[in-house]
Structure formats: structure tokens, C-alpha cells
Amino acid sequence: MTEETDFTQQDSDGGSEEVVLTPAELIGKLEQAWLNEKFSPELLENKCEIVECVIEQLDHMEKNLRRAKKGDLKVSVHHMEVERIRYVLSSYLRCRLMKIEKFFPHVLEKEKTRSKGEPSILSPEEFAFAKEYMANIETYLKTVALRHMPPNLQKVDLLRSVPKPDLDSYVFLRVKERQENILVEPETDEQREYVIDLEEGSQHLIRYKTIAPLVASGAVQLI
């Protein structure tokens with residue numbers, strides 16, 4: 001892979017800027033998004049721009065492989081790299097779909113109540129899937145159970161019935177950019193909140209809720 005890719009990302013003001021990435025940098029961003037999604041207890045912001053760019057890059061790589069001379073060792077190596085990237089991409093998308101299925105009412109509620117200019121956590125395709133999944137669940141519950149119950153029990157509040165993501169769970173992380181004065185909430189009533197600094201390159205086990213904004217900004221990487 002040698003061609004650079006134009007990648008559009010949002011800045012801190014909600015606008016967008018075009019960044020030119022090498023293929024290696026693009027795959028690095030995909031792997032970072034994959035690991036964060038894999039180890040985060042909640043559904044993170046969608047990275048559909050990265051996904052689209054990676055799919056285009058995979059198509060380009062496969063075209064080059066078809067033109068390459070058969071029997072060349074380099075072809076086998078590049079073929080394995082294509083399969084590795086395809087695995088990471090599939091795993092990333094599958095992980096997101098599993099979270100949507102697990103937390104669908106909360107995901108849709110968060111999408112519904114997000115402020116103007118705030119990035120969406122769902123791609124258009126994921127949003128359509130989540131709405132259809134919720135409609136199917138509601139239809140199933142009505143058909144199998146609710147219609148057989150008394151009228152006053154024929155409604156179910158999915159927001160209350162489906163568990164929320166556990167933001168108090170602990171995660172491992174690696175610090176990519178030094179962070180100062182990170183407020184850590186107490187675990188018990190006897191403890192007090194305190195402040196820590198996160199040094200670049202250091203690794204920590206910490207409550208997800210404490211560092212969720214740093215995951216979103218890319219300052220830390222879940223591992």
C-alpha cells in the first residue's frame with residue numbers, strides 16, 4: 001500500500017477538516033477504533049469515514065494482487081495483510097452491532113437527545129438497524145406475551161427494562177498524550193475524590209467513566 005487517502009474528521013468545534021493519511025496511518029486509526037470499541041463498555045462514536053476509506057483501500061489492494069505475478073512471495077504476504085485488515089474491520093463492525101443489540105433503547109435515546117453539532121454515535125446504516133431491531137423486539141413482546149396480559153400491563157418501558165452500559169467498569173489503557181489533573185471519583189463513602197496526572201506512554205487500570213472523554217478525544221488508547 002503506497003497511495004495516500006483523504007480522510008475527513010471532525011474538529012473540537014464540530015466542524016470538519018480533511019486530513020491526508022498514508023495507508024499505514026489509516027489502518028492504525030482503524031485498529032485504534034477497533035480496540036477502543038472492543039474494550040469500551042458503551043457504544044462509541046461511529047468511525048464511518050475510516051470504515052469507508054479502509055474498504056476503498058482494500059479494493060485497491062485486491063486489484064493490485066490480481067495484477068501481480070503468481071508465485072511471488074510478496075503476493076502471499078500482501079494477501080495475508082489484506083485478510084488481517086478485513087478481519088479487524090469485520091470485528092469492529094460486529095462489535096458495534098452486538099452493542100446496539102444489547103443496549104438498543106439507550107443507544108436510540110442518546111441519539112435522539114444529542115445536541116446540535118454533537119457527533120452521532122451511529123452511522124445511518126446502524127441507526128436504521130437499531131430502529132428496526134427495536135420495532136422487531138416490541139412486536140415480538142406484544143405477540144408472545146403482552147397481548148395475553150391485563151390491559152394495564154400491556155406496555156413495557158424498554159429504557160427501564162434493558163440494562164444500561166456499565167460505565168463504572170474498569171478498563172486498561174495506554175496514555176498517548178500527557179494529561180494533567182484528571183479527577184478520580186471515590187469508590188466508597190469513606191474515600192475522597194482526588195486528582196492524578198497521566199504520563200505519556202504509561203499504562204493504567206481505571207474506571208471507564210473517569211477517562212471516557214479522553215478515549216473520545218484520542219488522548220488514551222484502551223488495551
Side-chain angles (χ1 to χ4, degrees), residues 1-57 81 84-85 87-89 91-93 95-96 99 103 107 110-111 114-123 126 165-187 191-223:
M1 298 189 295
T2 57
E3 295 187 357
E4 294 182 333
T5 303
D6 291 336
F7 167 66
T8 302
Q9 66 179 15
Q10 289 193 326
D11 56 29
S12 59
D13 298 325
S16 61
E17 58 177 343
E18 191 171 275
V19 180
V20 178
L21 300 177
T22 65
E25 290 171 337
L26 176 63
I27 301 307
K29 283 190 171 292
L30 172 64
E31 291 175 342
Q32 177 179 340
W34 171 52
L35 290 174
N36 282 342
E37 196 67 68
K38 185 176 181 180
F39 296 120
S40 166
E42 66 173 343
L43 185 71
L44 301 177
E45 176 189 345
N46 82 84
K47 303 294 183 182
C48 55
E49 295 90 354
I50 293 177
V51 170
E52 291 171 359
C53 289
V54 169
I55 291 175
E56 291 178 4
Q57 192 64 47
E81 178 65 6
R84 186 188 73 84
I85 296 171
Y87 168 80
V88 172
L89 179 61
S91 179
Y92 169 70
L93 295 175
C95 181
R96 289 185 60 81
K99 286 184 180 180
F103 305 120
V107 169
K110 186 175 182 179
E111 187 70 11
R114 69 184 174 92
S115 59
K116 186 177 180 180
E118 184 181 352
S120 171
I121 61 172
L122 297 173
S123 68
E126 289 171 339
D166 183 10
L167 303 185
D168 286 319
S169 61
Y170 281 75
V171 294
F172 284 100
L173 64 88
R174 180 185 299 111
V175 181
K176 299 177 65 178
E177 301 172 7
R178 189 177 189 275
Q179 303 294 315
E180 297 181 346
N181 300 325
I182 303 301
L183 182 64
V184 179
E185 296 180 356
E187 297 183 27
Q191 295 178 330
R192 295 182 178 179
E193 60 185 20
Y194 57 95
V195 172
I196 61 172
D197 294 337
L198 302 178
E199 300 295 335
E200 181 179 351
S202 61
Q203 298 184 17
H204 304 267
L205 173 63
I206 196 169
R207 187 181 298 174
Y208 174 78
K209 183 168 59 177
T210 302
I211 50 84
L214 302 181
V215 175
S217 68
V220 303
Q221 168 74 64
L222 300 185
I223 56 176

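Scope of the values below: all heavy atoms of this structure, side chains included, with no hydrogens, waters or symmetry mates. Just so it is clear, the model here is predicted, and its values are computed rather than measured.
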Between N36 and L222, is any pair of side-chain heavy atoms under 4.5 Å apart? yes
Taken to the nearest 0.5 Å, the spacing of E42 CD from F103 CZ works out to 9.5 Å
Taking side-chain contact (heavy atoms from CB on, under 4.5 Å) as the test, write out the residues that go with E200, two or more places apart. none
Drop me the distance from F39's CZ to S169's OG, to the nearest 0.5 angstrom. 12.5 Å
Within the 4.5 Å heavy-atom criterion, are E185 and K209 side-chain neighbours or not? yes
Using every non-hydrogen atom in the two residues, find where E111 and S120 come nearest and quote the distance to one decimal. OE2-OG, 2.6 Å
What I'd like to find out is whether the side chain of V107 reaches to under 4.5 Å of the side chain of R96, using heavy atoms alone. no
Ignoring hydrogens, what is the shortest heavy-atom contact between P41 and P165? Give both atom names and the distance. O-CB, 3.4 Å
Say you draw a straight line from CG of L43 to CD1 of I121; how long is it, rounded to the nearest 0.5 Å? 5.0 Å
How long is the straight-line distance from OG1 of T210 back to CD1 of I182, given to the nearest 0.5 Å? 9.0 Å
Less than 4.0 Å between a side-chain N and a carboxylate O, is that true for E126 and K99? no
What do you reckon, is OH of Y170 surrounded by more than 12 foreign heavy atoms closer than 6.0 Å? yes
CA sep, side-chain torsions, deciding dist, call: V88, V54, side chain to side chain contact (heavy atoms under 4.5 Å, CB included): CA-CA 11 Å; V88 172; V54 169; over 6 Å; no
Nearest-0.5 Å distance, CD of residue E37 to CG of residue N46: 9.5 Å
R178 to D197 - nearest heavy-atom pair and separation: NH2-OD2, 4.0 Å
Can you give me the closest heavy-atom contact between N181 and V195, atom names plus distance? CA-CG1, 3.0 Å
On a heavy-atom basis, which atom in W34 and which in Y87 lie closest, and how many Å separate them? CZ2-CE2, 4.2 Å
Search all heavy atoms of A33 against all heavy atoms of K47 and return the closest pair with its distance. CB-CG, 3.9 Å
Distance (rounded to the nearest 0.5 Å) between K29 NZ and E49 CD: 11.0 Å
Ion pair present between R114 and E45, side-chain N to carboxylate O less than 4.0 angstrom? no
Worked check of side chain to side chain contact (heavy atoms under 4.5 Å, CB included) between V175 and E199: CA-CA 7 Å; V175 181; E199 300 295 335; over 6 Å; no
Do S40 and V171 have side chains that approach each other closer than 4.5 Å (heavy atoms only, starting at C-beta)? no
So do the side chains of E31 and R84 get within less than 4.5 Å of each other, counting heavy atoms only? yes
